[in-house]
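Heads up: the structure comes next, in structure tokens.
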Amino acid sequence: MSDAPKPDGRTLERFRVIVLPHLDSAYGFARWLTRDPVAAQDLAQESMLRALRYFHAFRGEEARPWLLRIVRNTWVDSVSDKGMDPLPLEAAAERAVDGPDPEQSALAGDRRRHVAAALAALPVDVREVLVLREIEDLSYKQIAAVLDLPVGTVMSRLARAREKLAVELRGRLGRSEHGLPDL
């Protein structure tokens with residue numbers, strides 16, 4: 001296993017207070033990485049176990065980026081160990097939409113499906129920077145910590161990722177550069 005000390009009661013309580021509130025973020029990021037809700041649950045669970053195992057190394061910096069980095073590293077390890085290919089993201093496109101107006105709900109659901117499908121079609125390195133910024137709402141500095149990149153690289157990747165997402169969405173929606181449908 002590892003040389004990490006077994007967590008005591010005080011450490012477990014600190015972990016519950018500091019890291020456990022970010023479990024939803026860990027699962028959400030895992031879902032975008034794996035593109036499979038069941039695999040995302042497994043990844044989030046394994047990541048939380050790793051986070052607990054190595055919580056002694058946590059030095060009080062921000063817990064959310066620290067945990068998301070563990071999620072990413074765990075995913076990279078599992079992909080390289082198993083030689084697996086990510087599965088299509090169909091489940092995220094089927095999320096229920098809240099809203100009192102059925103027509104607005106249907107339109108919002110349609111937009112969400114288009115965005116989810118376009119995001120899922122992007123390469124992993126593009127998708128992960130977009131998810132961390134736009135969905136998980138991390139700062140550039142936090143994303144840099146998660147991805148182990150300089151902040152400038154994060155900024156440039158994010159700009160390119162947004163451009164690629166826009167191109168993908170235009171293609172899916174049948175729209176040209178000016179936003180009108182192609183005739």
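Fair warning: this is a prediction, and the values are worked out from it, not measured in the lab.
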From CA spacing to verdict: side chain to side chain contact (heavy atoms under 4.5 Å, CB included), I143, E128: CA-CA 9 Å; I143 296 169; E128 71 184 356; over 6 Å; no

Check against salt bridge (charged side-chain N to carboxylate O under 4.0 Å, His left out), D125 and R157: CA-CA 8 Å; D125 60 327; R157 278 192 186 178; 5.2 Å; no

Derivation of the side chain to side chain contact (heavy atoms under 4.5 Å, CB included) call for D77 and R50: CA-CA 12 Å; D77 290 348; R50 282 188 184 189; 2.9 Å; yes

Audit row: L147, R72, side chain to side chain contact (heavy atoms under 4.5 Å, CB included) steps and yes/no: CA-CA 8 Å; L147 301 179; R72 183 175 186 265; 3.2 Å; yes

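The existence of a salt bridge linking E168 and K164 is excluded, since no basic side-chain nitrogen approaches an acidic carboxylate oxygen closer than 4.0 Å. Between E13 and R10 no salt bridge is recorded (no basic side-chain N to carboxylate O distance below 4.0 Å).
Shortest non-hydrogen contact noted between W66 and A51 is CH2-O, 3.4 Å. Of all non-hydrogen atoms in A145 and R69, the two that sit nearest each other are O-NH1, 2.8 Å. The two residues A144 and V151 come nearest to each other via the heavy atoms CB-CG2, 4.0 Å. When all heavy atoms are compared, the tightest approach of R127 to L119 is CD-O, 3.3 Å. Heavy-atom minimum distance, I70 versus S47: CG2-O, 3.5 Å. The minimum heavy-atom distance linking L68 with L132 is given by the pair CD1-CD2, 3.8 Å.
R160 CZ to L130 CG: the interatomic distance, rounded to the nearest 0.5 Å, is 11.5 Å. A distance of 8.0 Å separates CG of L23 from CG of L67, quoted to the nearest 0.5 Å. Separating the CD atom in Q142 from the CZ atom in R133 is a distance of 9.0 Å, to the nearest 0.5 Å. Separation of atoms CG (L165) and CG (L158) is listed at 10.5 Å; rounding is to 0.5 Å. Distance check: D24 CG to R31 CZ gives 12.0 Å after rounding to the nearest 0.5 Å. We find the CG-OG1 distance between D148 and T153 to be 10.5 Å, quoted to the nearest 0.5 Å.
Within the 4.5 Å cutoff, the side chain of L12 has heavy atoms near those of the L52 side chain.
In terms of the side chain to side chain donor-acceptor pair (under 3.5 Å) criterion, Q45 has no residue partners (sequence neighbours excluded). Under the ring pair (Phe, Tyr, Trp, His ring centres under 6.0 Å) criterion, F55 pairs with F15, F58, not counting sequence neighbours.
There is a path of hydrophobic side-chain contacts, each under 4.5 Å, that joins V124 to V76. Note on Y27 and V71: separate hydrophobic clusters, where clusters join Ile, Leu, Val, Met, Phe, Trp and Tyr whose side-chain heavy atoms are under 4.5 Å apart, directly or indirectly. Each of V19 and V146 belongs to its own hydrophobic cluster when Ile, Leu, Val, Met, Phe, Trp and Tyr are linked at side-chain heavy-atom distances under 4.5 angstrom. I135 and L43 fall within a single hydrophobic cluster, where Ile, Leu, Val, Met, Phe, Trp and Tyr side chains are chained together by heavy-atom contacts under 4.5 Å. Under the 4.5 Å side-chain heavy-atom criterion for grouping Ile, Leu, Val, Met, Phe, Trp and Tyr, I18 is not connected to L138 through any hydrophobic cluster.
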